[in-house]
Amino acid sequence: MIVMRHGATTEELDRVVAVIKEMGYQARPMPGAQRTAVGLVGNDGRVDASRLEGLPGVQEVIQVTKPYKQVSREWQAENTVVRLGGGVAVGGTDVIAIAGPCSVESEKQIIESAAKVREAGAVILRGGAWKPRSSPYSFQGLGRPALKLLAKARDETGLLICTEAMDPEGLNWVAELADIIQIGARNMQNFSLLKAAGRSKKPVLLKRGMSATIEELLLSAEYLLAEGNHDVILCERGIRGFDTATRNVFDLTAIPVVHKLSHLPIIADPSHGTGLREKVIPMARAAVAAGADGIMVEVHPDPTAALSDGAQSLFPEQFAQLMQEVRVIADVIGRRMAEPAPVGA
Ligand code: PEP
Ligand code: MN
């Protein structure tokens, strides 16, 4: 809806109407006591408001319909259930646990991590091959060899693999191997990466940018759906705030908000959300209680020796305890924690 300034001239109004028509929509002027508004009808969710905002006589452009389309609940009323291999599904009754180290560091470390998180009840193993680090001097990940190690961990444990692609080139390697391609917070608005992931045939885990609004998160997901990939899982991982007590502000409200606005599943990452080991457990419990379709938790066989994010990584025993607790919480809200398939199944 285009709101005209008080005292806008007829010529200015006519111009707005003409531009709307030129853009391929219908214009419905609505004269009011103080000012006139013009409704833009036929909006398919992709209107570029900037063309109208700058016209003389225009006060503001108010988005009545959402700027995203295919990710919205209006577009699809029922929940999207992302079906992964091995009977694991995200977005249905089951709540899934993705767990593992921040980065793949060595064969021993990732195999041991996989065995431990599986034993506790995780169905998906995480671990970065390429790491988006704030400092270029921090551990950057092992790169392609890490993908081989993840494949080995999958072969040995039956866990599915979720790992991050940082750029369109690396995406092809990740897509070849991973069961879920992770797009990290820093890349949420890397539109060429989103387009490439949208064209891949693998499910995508899209993490919320650290200063992104929920609307921006959904618009980034729209890129994936617009390219034909409907297997999209969103992830709340905390946003930047002013308080230094935690690494990020873990925005749990995003869970019910996204569930209302979109049919896509959303999981929660309390590890990056809080940055502190002892805060991960209560916030993971809270995320399940809030209705998250899954949790992503960093777990390391020896967090004190981790090459990245050790301070927020759980000890395997802590993760096992957490899994016991979230099973009870899931049950209370009519859901259940997905269990790994029995060995050899
Ligand atoms: C990660 O999951 O390893 C990661 C880097 O997370 P984020 O993109 O949310 O910072
Ligand atoms: Mn990490």
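All values below come from the heavy atoms of this structure, side chains included, with hydrogens, waters and symmetry mates left out. Both ligands and their constituent atoms are indexed starting at 1 by order of listing.
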message: D14: which residues meet the side-chain hydrogen bond (donor to acceptor under 3.5 Å, both in side chains) condition with it, sequence neighbours left out?
response: none

message: Just to verify, what does R83 make a side-chain hydrogen bond (donor to acceptor under 3.5 Å, both in side chains) with, not counting sequence neighbours?
response: none

Pair [X] + [Y]: basic N to acidic O under 4.0 Å:
X    : Y    : result
K69  : E222 : no
R247 : D309 : yes
E339 : R327 : yes
E227 : K195 : no

- request: For ligand 1, list the protein residues that place a heavy atom within a distance below 4.0 Å of one of its atoms, sorted by chain and number.
  value: R126, K131, P132, E164, Q182, G184, A185, R186, K207, R237, H272, E298

statement: Taken to the nearest 0.5 Å, the spacing of S308 OG from Q140 CD works out to 10.0 Å

query: After noting the C-alpha distance and the side-chain angles of D179 and K202, does the key distance pass the salt bridge (charged side-chain N to carboxylate O under 4.0 Å, His left out) rule?
result: CA-CA 7 Å; D179 299 288; K202 284 286 169 76; 5.6 Å; no

- prompt: Near the Mn ion (ligand 2), which protein N/O/S atoms are found at less than 2.8 Å?
  reply: C102 SG, H272 NE2, E298 OE2, D309 OD2

statement: Between A338 and I96 the two heavy atoms that sit nearest each other are CB-CG2, 3.9 Å

